[in-house]
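Notes follow the structure.
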Amino acid sequence: MQVNIHIDRSREERRLKRWADEALTDYRDEIIEDINQLVPVSGGLSRNGGGGSLQRSAFLHSDRRADKGKLTIRWNTPYAHYQHQGLVMHGNPGNRTYGPEKLSYTSMMARAEWTKHAEKIYGEDWARGIERLMGGK
């Protein structure tokens with residue numbers, strides 16, 4: 001007696017990639033919330049950059065859905081770049097320069113290059129969370 005088993009690898013790979021995109025999409029807000037713990041928040045009115053508008057911009061401007069294993073998170077405010085670089089901004093929007101002075105953040109957790117630091121802190125947790133959503137352990 002003989003049994004032949006055929007597995008359509010391309011179909012299974014497509015299905016696995018679709019599940020991964022769905023899991024990453026479902027985990028999006030958790031990732032943003034984790035990273036935002038390290039994003040600076042200044043005082044003042046939101047319209048002037050205070051009160052968390054930099055953090056909120058990640059929810060507004062990031063990809064809504066993962067595609068082909070990729071989900072881009074964006075902080076999109078006029079000052080996001082210099083905050084991320086940790087450099088004092090000089091000039092106006094049409095003629096800006098940055099640094100060499102470093103920013104000093106008022107929040108204990110806020111820091112320059114918050115994305116890199118968040119990945120070091122939370123990267124493994126994110127991977128496990130996404131794996132759980134895909135049906136892993």
Side-chain angles (χ1 to χ4, degrees):
M1 179 166 197
Q2 181 177 339
V3 175
N4 292 321
I5 299 172
H6 173 74
I7 297 175
D8 184 347
R9 285 184 69 170
S10 63
R11 186 178 126 231
E12 292 305 314
E13 286 174 3
R14 285 191 307 273
R15 193 159 81 181
L16 183 60
K17 287 176 182 178
R18 187 178 68 246
W19 288 344
D21 281 348
E22 288 172 6
L24 183 53
T25 297
D26 290 345
Y27 213 71
R28 170 194 181 265
D29 287 354
E30 178 72 28
I31 294 169
I32 292 172
E33 287 174 12
D34 287 344
I35 297 171
N36 269 346
Q37 293 181 55
L38 307 173
V39 173
V41 179
S42 63
L45 300 172
S46 316
R47 68 177 179 270
N48 295 329
S53 64
L54 180 58
Q55 292 175 332
R56 279 192 300 278
S57 77
F59 289 101
L60 298 173
H61 299 285
S62 297
D63 291 351
R64 295 281 176 215
R65 299 197 54 76
D67 185 39
K68 298 177 185 158
K70 181 180 175 185
L71 178 77
T72 301
I73 299 177
R74 296 176 191 86
W75 289 266
N76 188 5
T77 65
Y79 51 87
H81 176 75
Y82 87 89
Q83 284 282 356
H84 188 264
Q85 298 305 310
L87 301 173
V88 173
M89 182 181 76
H90 301 284
N92 57 52
N95 186 21
R96 285 189 185 144
T97 60
Y98 302 96
E101 305 90 356
K102 299 284 186 187
L103 291 171
S104 59
Y105 300 110
T106 55
S107 167
M108 295 276 289
M109 291 189 64
R111 64 192 64 241
E113 297 187 332
W114 56 77
T115 53
K116 292 178 185 177
H117 192 68
E119 186 176 0
K120 288 177 190 173
I121 295 172
Y122 301 108
E124 289 181 23
D125 292 339
W126 297 336
R128 283 191 297 272
I130 292 166
E131 184 179 325
R132 274 191 308 274
L133 288 171
M134 290 178 64
K137 294 182 180 180

Applying side-chain hydrogen bond (donor to acceptor under 3.5 Å, both in side chains), name anything that partners [X], two or more places apart in sequence or on another chain.
X: Arg15; result: Glu12
X: Gln37; result: Tyr122
X: Asp67; result: none

task = Starting at CG of Leu24, measure out to NZ of Lys70 and round the result to the nearest 0.5 Å.
result = 11.5 Å

query = Can you tell me how far the CG atom of Asp34 sits from the CH2 atom of Trp126, to the nearest 0.5 Å?
reply = 6.0 Å

task = Output yes when a side-chain donor or acceptor of Tyr105 lies under 3.5 Å from a complementary backbone atom of Gln83, and no otherwise.
result = yes

Side chain to side chain contact (heavy atoms under 4.5 Å, CB included) between Lys102 and Leu87, worked out = CA-CA 5 Å; Lys102 299 284 186 187; Leu87 301 173; 3.8 Å; yes

remark   = Sorted by chain and residue number, the side chain to side chain contact (heavy atoms under 4.5 Å, CB included) partners of Ile121 (sequence neighbours excluded) come out as Leu38, His117

ask   = Do other residues, nucleotides or ligands put more than 12 heavy atoms under 6.0 Å from the CD atom of Glu119?
value =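 It does not: Glu119 CD has 12 such atoms or fewer within range.
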
message = For residues 17-31, which residue pairs pass the side chain to side chain donor-acceptor pair (under 3.5 Å) check, not counting sequence neighbours?
response = none

key: Closest approach of Ala112 to Gly86 (non-hydrogen atoms, all atoms of both residues)   = CB-CA, 3.6 Å

Please list every donor-acceptor pair under 3.5 Å in which a side-chain atom of residues 58-65 meets a protein atom from a residue at least two apart or in another chain.
unit_1, atom_1, unit_2, atom_2, d
Ser62, OG, Ala58, O, 2.5
Ser62, OG, Arg74, N, 2.9
Asp63, OD1, Arg74, NH1, 2.9
Asp63, OD1, Arg74, NH2, 3.1
Asp63, OD2, Thr72, N, 3.0
Arg64, NH1, Phe59, O, 3.0
Arg64, NH2, Phe59, O, 3.3

